[in-house]
Amino acid sequence: MALQFFNTLANKKEDFVPIKEGEIRLYTCGPTVYNFAHIGNFRAYMFEDLLRRFLKYKGLKVTQVMNLTDIDDKTIKGCKAQGVSLAEYTQPYKDGFFEDLDTLKIERAEFYPEATTHIPEMVEIIKKLMTNGLAYEIKGNYYFKIDAFPDYGKLARIDLAGLKAGARVASDEYEKESVSDFALWKAWTPEDGDVFWETDLGKGRPGWHLECSAMSMKYLGNHFDMHTGGVDNKFPHHENEIAQSEGASGEKFVNYWLHCAHLIVEGKKMSKSLGNFYSLREILEKDYSPAAIRYLLLSTQYRMPLNFTFDGLDAAAKALRRYNDFWRNLAEFSGAGKGGAAGEFIDKAAAEFEKGLDDDLNISYALAAVFDFIRDINRLRSENNLTADERDRALQVLEKIDTVLGFQVQESSLDNESEIEDLVQRRTEAKKSRDFATADSIRDQLTAMDIVLEDTPQGVKWRKKV
RNA sequence: GGCGGCUUAGCCAAGUGGUAAGGCAGGAGUCUGCAAAACUCCCAUUCCCCGGUUCGAGUCCGGGAGCCGCCUCCA
């Protein structure tokens with residue numbers, strides 16, 4: 001089956017055809033660095049990670065851009081409150097964002113442009129819009145003239161007439177020609193303090209939406225393949241981006257728009273007042289593993305609302321353990337028996353995994369294929385019907401699948417390894433002399449150290465509890 | 001109020017009009033000194049509710065309920 005995505009622009013699933021064969025240019029909306037990102041944000045970044053990894057799995061060369069919004073109302077407010085410069089205020093959150101990406105094993109994009117270092121590019125777009133009759137200036141503020149852009153509303157399917165009829169018109173709106181027009185550039189006001197740029201447009205700062213147009217076109221060209229973000233960005237943010245970009249360049253902006261649904265927590269909307277608003281850091285402090293968080297955020301198809309629960313995290317950790325135990329047990333299996341049955345399961349796993357993700361990243365289907373594979377191969381292993389060659393082929397498929405999932409948990413080396421080895425050895429000796437009381441007490445001791453033992457035909461194995 | 005999305009077992013979650021994937025939890029076995037891991041079997045006559053279309057509906061249509069999102073500076 002061909003790779004398909006649900007394109008918001010078309011409002012249906014479409015075959016994915018890249019502009020340039022074998023390559024994809026992708027823009028993913030990034031964080032506003034006024035705080036540490038919360039798990040709802042990471043739902044979106046995780047979806048984009050799955051997208052990126054699967055596109056690479058399919059053999060496409062990916063060029064991904066993710067913006068860092070380091071100038072907006074929230075960052076200005078934040079730096080003023082702390083009495084520091086804008087750059088000083090945002091830097092810890094930029095650093096924190098990249099730390100969090102690493103924690104969740106989210107692959108790095110090719111470019112992370114910052115809004116504050118792309119002001120000239122934004123100014124250029126406004127100048128072009130002025131030239132094209134799509135923007136106007138009032139008292140140093142520049143606005144996009146929506147009436148002059150007939151395509152406005154094509155992404156979000158917004159009926160402008162209806163909007164205007166029902167629009168809440170604030171008292172200060174007299175300044176704009178139309179209430180629907182949005183700001184491209186905001187003239188400096190005293191509230192902005194020392195946050196401003198002196199440009200050909202005057203002294204001020206860019207509006208909400210402009211950075212994404214400027215930075216995407218700079219790194220990906222006027223017309224590129226795909227743009228993603230949360231559903232909340234569909235309107236007005238992405239709609240405005242289209243208007244600005246196409247209005248300035250005269251070319252189609254983006255072919256495929258993908259929007260991921262929101263995350264809810266314990267069945268409720270995540271909000272500070274409900275006390276269920278979590279940053280990634282807060283969840284890690286509760287001793288949940290990054291891998292479990294990754295699994296949970298990844299395991300629901302991106303267009304479905306995701307219910308993030310702590311029970312779900314526990315279940316995710318167990319599913320992940322099964323996945324990793326399978327991998328380790330298979331790698332350690334010496335290969336035995338007739339063989340011959342595994343090939344079918346291996347081929348099926350690879351095909352079904354890809355089939356699921358080809359269908360608009362249906363991760364649930366893909367994961368079902370993976371767990372079917374685990375059970376099928378485990379059965380052959382327990383029946384001694386798996387040759388060394390078949391084992392190696394199964395491992396290869398698993399490795400390929402894990403380039404997309406990123407579920408493999410690397411066992412970190414322990415500093416008390418020799419102590420553990422010593423205890424394991426003493427237990428083995430106690431077992432040999434059938435002194436099970438001693439053997440069991442040593443096992444209890446190891447359990448208390450978070451070490452799990454497995455007695456196998458190949459001898460005793462131990463591992464750190466995940 | 002307008003527009004859009006969602007509602008499937010105890011929990012999470014797939015599902016192309018043809019008879020309910022997968023994970024977690026739970027129950028019974030096999031293996032084991034006992035465990036652990038693994039394997040086998042069981043675990044939704046039923047898919048929010050009410051109508052309709054159809055030989056056949058979780059899937060299509062109409063109505064209703066609940067939850068979630070968006071509705072343009074600013075709040």
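Model, not experiment: these values are computed from the prediction. The sequence lines fix the lettering, A, B, ..., with proteins before strands; numbering per chain opens at 1. Side chains included, hydrogens not; waters and symmetry mates left out as well; all remaining heavy atoms used.
- Atom CE of A/Met449 is separated from atom P of B/A36 by 20 Å (rounded to the nearest Å).
- For the OP1/OP2 pair of B/A37 and a distance below 4.0 Å, the side-chain nitrogens and oxygens of A/Arg321 include at least one atom meeting the criterion.
- Atom name P, nucleotides B/A25 and B/C39: the rounded distance is 13 Å, in whole Å.
- The distance from atom CG of A/Asn378 to atom C1' of B/C39 is 8 Å, rounded to the nearest whole Å.
- Between B/A13 and B/C55, the two C1' atoms lie 32 Å apart (nearest whole Å).
- Projected onto RNA chain B by closest heavy-atom contact, A/Lys186 and A/Ala156 fall at different nucleotides, the more 5' of which corresponds to A/Ala156.
- Look at the P atom in both B/A14 and B/C48: the space between them is 14 Å, to the nearest Å.
- Across the P atoms, B/U7 and B/U40 are found 31 Å apart, a figure rounded to whole Å.
- For B/A38, the OP1/OP2 oxygens have a side-chain nitrogen or oxygen of A/Arg322 closer than 4.0 Å.
- The C1' atoms of B/U46 and B/A21 are separated by 16 Å, rounded to the nearest whole Å.
- Contact annotation: A/Lys234 does not reach the phosphate of B/G69 (side-chain N/O to OP1 or OP2, under 4.0 Å).
- Remark: B/C6 base-pairs with B/G66; criterion is Watson-Crick or G-U wobble with both hydrogen-bond distances under 3.5 Å.
- Taking for each of A/Thr456 and A/Ala368 the nucleotide of RNA chain B with the nearest heavy atom, the 5'-most of the two is the partner of A/Ala368.
- Between A/Arg427 and B/G33, a side-chain N or O to OP1/OP2 separation shorter than 4.0 Å is absent.
- Here A/Arg379 reaches the OP1 or OP2 of B/U40: one of its side-chain N or O atoms lies under 4.0 Å away.
- Side-chain atoms of A/Tyr152 and A/Glu239 form no donor-acceptor pair, as typed in the model, at a separation below 3.5 Å.
- With both ends at atom P, the span from B/C47 to B/G10 equals 13 Å, rounded to whole Å.
- If you take atom P in B/G18 and the same atom in B/A57, they sit 11 Å apart, rounded to whole Å.
- On the P atoms, B/C3 is 33 Å away from B/C11, given to the nearest whole Å.
- Backbone-only contact: A/Gln301 has heavy atoms under 4.0 Å from sugar-phosphate atoms and none from a base.
- With a 4.5 Å cut-off on side-chain heavy atoms, A/Leu367 and A/Ser299 count as touching.
- A/Glu429 and A/Gln425 share a side-chain donor-acceptor pair at under 3.5 Å.
- Within the structure, every side-chain polar atom (N or O) of A/Asn307 is placed at least 4.0 Å from both OP1 and OP2 of B/A13.
- Listed pair A/Asn362 / B/A14 fails the phosphate criterion, with no side-chain N or O lying under 4.0 Å from OP1 or OP2.
- The phosphate of B/A25 (OP1 or OP2) has a side-chain N or O of A/Lys318 nearer than 4.0 angstrom.
- Phosphate contact (OP1/OP2 of B/C74, side-chain N/O of A/Trp208, threshold under 4.0 Å): present.
- Centre separation under 5.5 Å together with a plane angle under 30° holds for the ring of A/Phe436 and the six-membered base ring of B/G33, marking them as stacked.
- Side-chain nitrogen and oxygen atoms of A/Lys431 include none within less than 4.0 Å of the OP1 or OP2 phosphate oxygen of B/A35.
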